2 protein chains.
Amino acid sequence: MRQRNDTLAAARSRLESKQARLTPARRLVIETLDGSSGPQSAADIAVTIAGAIPMSSLYRTLTVLEETEVIERFPDQTGIARYELAEWLTGHHHHMTCITCGATSDVAVPGDLEATVIDIVSQVGRRFDFEVTGHRLDLQGVCSQCR
Amino acid sequence: MRQRNDTLAAARSRLESKQARLTPARRLVIETLDGSSGPQSAADIAVTIAGAIPMSSLYRTLTVLEETEVIERFPDQTGIARYELAEWLTGHHHHMTCITCGATSDVAVPGDLEATVIDIVSQVGRRFDFEVTGHRLDLQGVCSQCR
DNA sequence: TCTCGAAATGAGAATGGTTCTCATTCGCAT
DNA sequence: ATGCGAATGAGAACCATTCTCATTTCGAGA
């Protein structure tokens, strides 16, 4: 299990390799995402850190962390940006989104199944002359709490 | 191969079952999406139809068609909404997005592979106590034109 | 065919997430 | 200590999308 200090150290060296610093704001955002079980919006993060970082700075912080590939950004179903630690920090995973409560949580597909997914994806890429560099698998459904 | 008239007829009956009409604007949008090979943004559609529908009406049209499940909406990687005909009209498919040019195109995963995907997805759902109702598989990579 | 009411439209204002500007502050390397 | 690029904060600006409301269109019934 990766420790928080590992994440911060890895993030710091990634940032420094791009002449950016691990500032208090950036550290706070990284720690927040490291403690979350699913992708967080800027507003989510602001709530978690109790507004410790003004929105304009928070967005800029998120942009910097995204550009340095410490975090990844993708829109949720409504188009609002959500962030999580980059996969090289967390490990490859996918998402399950509950169509009832809207919650999205991470899901690590078991290794054997993930291998099959990768195989399928590359077969499809080959068939359509598309050089696959990554994939995303989202499950929609109803979570256990909503049933 | 589904014909355009089939699509329009199916859309009309779907709309009428929800006391909505197949108006000229709605027909135009449906025909536009029917003639596209990938998801289109509101701006894309506006260009294709040469501004024949004012943006406020276009957005409302898209909302109505989405609510009646004639089309589906999902945000692209930048968070901008993109639309395409619902899967009950087009058949189940996935998307390939080129990380170089940004183009997204539809891809129908061959039946045997799709069956495996469905199997994997339901296994994962079972394992995580999540009642899967649908899935989305996005391939990222480089298209043949960009290589 | 005429009429009425519900549905649809168009123009423009309003919204809200996100980005930009710019003046100020911070922190590392001399 | 000093200087300079990096980082910050406040607020304005942006822009995709939604809302408002007055007007128009369509279709069912007279």
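All values below were derived from every heavy atom in this structure, side-chain atoms included, with hydrogens, water molecules and symmetry-related copies excluded. These figures come from a predicted structure and were not determined experimentally. Numbered from 1 within each chain, the chains take letters A, B, ... in sequence-line order.
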Can you list, pair by pair, the side-chain donor-acceptor contacts under 3.5 Å of residues 22-31 of chain B, counting residues two or more places apart and other chains?
residue: B/Thr23; atom: OG1; partner: B/Arg26; partner atom: N; Å: 3.4
residue: B/Arg26; atom: NH1; partner: B/Arg21; partner atom: O; Å: 2.8

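- B/Asp106 is linked by a side-chain contact (heavy atoms from CB on, under 4.5 Å) to B/Pro39, B/Glu84, B/His93, B/His95, counting only residues two or more places apart in sequence or in another chain.
- Checked by atom type and distance alone, the side chain of B/Ser57 never pairs as donor or acceptor with a backbone atom of B/Ile53 at under 3.5 Å.
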Inset, instruction - List the protein contact pattern of nucleotides 10-17 of chain D with one symbol per nucleotide (5' to 3'): B for base contact, S for sugar-phosphate-only contact, - for none; contact means a heavy-atom distance under 4.0 Å. - result: BB----SB
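- A/Leu22 has its CG atom 11 Å from the P atom of D/dA7, to the nearest Å.
- Taken together through direct or relayed side-chain contacts under 4.5 Å among Ile, Leu, Val, Met, Phe, Trp and Tyr, B/Val132 and A/Leu113 form part of one hydrophobic cluster.
- In this structure, the CZ atom of B/Arg12 is 9 Å from the P atom of D/dG27, given to the nearest Å.
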Legend entry - Per-nucleotide protein contact string for nucleotides 24-30 of chain C (B base, S sugar-phosphate only, - none; heavy atom under 4.0 Å): ---S---
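- Taken to the nearest 0.5 Å, the CG atom of B/Asp138 stands 7.5 Å off from the CZ atom of B/Phe74.
- Rounded to whole angstrom, the span from the CD atom of B/Glu16 across to the C1' atom of C/dA6 amounts to 15 Å.
- At whole-Å resolution of the value, CD1 in B/Ile49 and P in C/dG10 are 10 Å apart.
- The distance from atom CD of A/Glu72 to atom CD of A/Glu66, rounded to the nearest 0.5 Å, is 9.0 Å.
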Legend entry - Bracket string, DNA chain D, 5' to 3' - pairs by Watson-Crick or G-U geometry under 3.5 Å, | interstrand: ||||||||||||||||||||||||||||||
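- Rounded to whole angstrom, the span from the CD atom of B/Gln19 across to the C1' atom of D/dC26 amounts to 15 Å.
- Whole-Å rounding puts the A/Leu62 CG to D/dG9 P distance at 13 Å.
- The interatomic distance linking A/Leu15 (CG) with D/dA7 (C1') rounds to 12 Å, in whole Å.
- Salt-bridge formation is detected for the pair A/Lys18/A/Glu69: a Lys NZ or Arg NE/NH1/NH2 atom is positioned less than 4.0 Å from an Asp or Glu carboxylate oxygen.
- With a 4.5 Å cut-off on side-chain heavy atoms, A/Leu62 and A/Ile45 count as touching.
- Aromatic ring pairs are classed by plane angle as parallel below 30°, tilted from 30° to 60° and perpendicular above 60°; the pair A/His135 and A/His94 is tilted.
- In this entry the distance linking CZ of B/Arg27 with P of D/dC26 reads 12 Å, nearest Å.
- With sequence neighbours excluded, the residues forming a side chain to side chain donor-acceptor pair (under 3.5 Å) with B/Thr97 are B/Thr104, listed by chain and number.
- With contacts defined as side-chain heavy-atom distances shorter than 4.5 Å, the pair B/Arg136/A/Arg136 does not qualify.
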